[in-house]
Amino acid sequence: MPVIRITPKRFADPRGWFSETYQRDRFKAAGIAVDFVQDNQSFSAPAGTLRGIHFQSPPHAQAKLVRCLKGRIWDVAVDLRNGSPTYGQSVAAELTAERGEQLFIPAGYGHAFLTLEPDCEVAYKVDDFYAPECDGGIRWDDPDLGIAWPLPVAAPELSEKDARLPLLKDFVSPFAYDGRPLELVDA
């Protein structure tokens, strides 16, 4: 399954705008046929806050639908599927509150985002519940990943947990390759 960028339509009038950010049948038609079970939201005060690269391993692997509610973020998905010809490669997209883009990231991918301005809020839906025993991650600055982070500051703000994540070379992937290499598609 690809990483899918969705830009919901906005209907504007003098009061502002309205948008359907999730509509099951429309998402299913775009190839996103998952049952979301939990919504999460984060707030990051400083520009340059980096969260990730995170994932949940099976049996509680999670697909995510990510959107920026306030500000701008650089959202990244990393292919962690064992046997994938694009293993360790990534795709990225800027998500903004202004335009309302969303990124669907299937299970089997690591996920991270970098705030590009202060006071960013991010919301995401997931298709499995948080399971701390399945929580994992890869270092954001792993040279084998080669992610070109558009850092708005000299060094990112990281949690202690994220600063200690392992490198890709020390990771044994529990994710199966589904036969489709990493790609970012627009729906």
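Remember, it's a predicted structure, so these values are computed and weren't measured experimentally.
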Testing the basics here: between Phe129 and Val37, what is the closest heavy-atom pair and its distance to 0.1 Å?
CE2-O, 3.5 Å

Quick check: closest heavy atoms across Ala131 and Gln56, and the distance to 0.1 Å?
N-OE1, 2.8 Å

Thinking salt bridges, do Asp178 and Arg180 make one under a 4.0 Å N-O criterion?
no

Any salt bridge between Glu98 and Arg72, counting N to O under 4.0 Å?
no

Who else is in Phe11's hydrophobic cluster (ILVMFWY, side-chain heavy atoms under 4.5 Å, direct or via others)?
Phe18

So which residues get pulled into Tyr124's cluster when ILVMFWY side chains under 4.5 Å apart are joined, directly or through others?
Val3, Val66, Ile73, Val91, Leu95, Leu103, Ile105, Tyr109, Phe113, Val122, Val126, Leu182, Leu184

Centroid-to-centroid, Phe36 to Tyr22, below 6.0 Å?
yes

With sequence neighbours left out, write down each residue that passes salt bridge (Lys or Arg N to Asp or Glu O under 4.0 Å) with Asp119, or none if nothing qualifies.
none

Using the test salt bridge (Lys or Arg N to Asp or Glu O under 4.0 Å), find all partners of Glu20 that sit at least two apart in sequence or belong to another chain.
Arg26

Side chain to side chain, [X] and [Y], heavy atoms closer than 4.5 Å:
{"X": "Glu121", "Y": "Gln41", "result": "yes"}
{"X": "Phe104", "Y": "Arg5", "result": "no"}
{"X": "Thr21", "Y": "Ile6", "result": "no"}
{"X": "Pro156", "Y": "Leu151", "result": "yes"}
{"X": "Arg99", "Y": "Glu94", "result": "yes"}

Between [X] and [Y] (side chain of the first, backbone of the second, donor and acceptor by atom type, cut-off under 3.5 Å), is there such a pair?
{"X": "Thr115", "Y": "Thr49", "value": "yes"}
{"X": "Glu101", "Y": "Thr7", "value": "no"}
{"X": "Thr86", "Y": "Gln89", "value": "no"}

Quick one: which residue pairs count as a side-chain hydrogen bond (donor to acceptor under 3.5 Å, both in side chains) with a foot in residues 141-154, not counting sequence neighbours?
Arg139-Asp141

Kindly state each residue pair satisfying ring-ring contact (aromatic ring centres under 6.0 Å, His included) with at least one member in residues 49-87, sequence neighbours excluded.
Phe55-Phe171, Phe55-Phe175

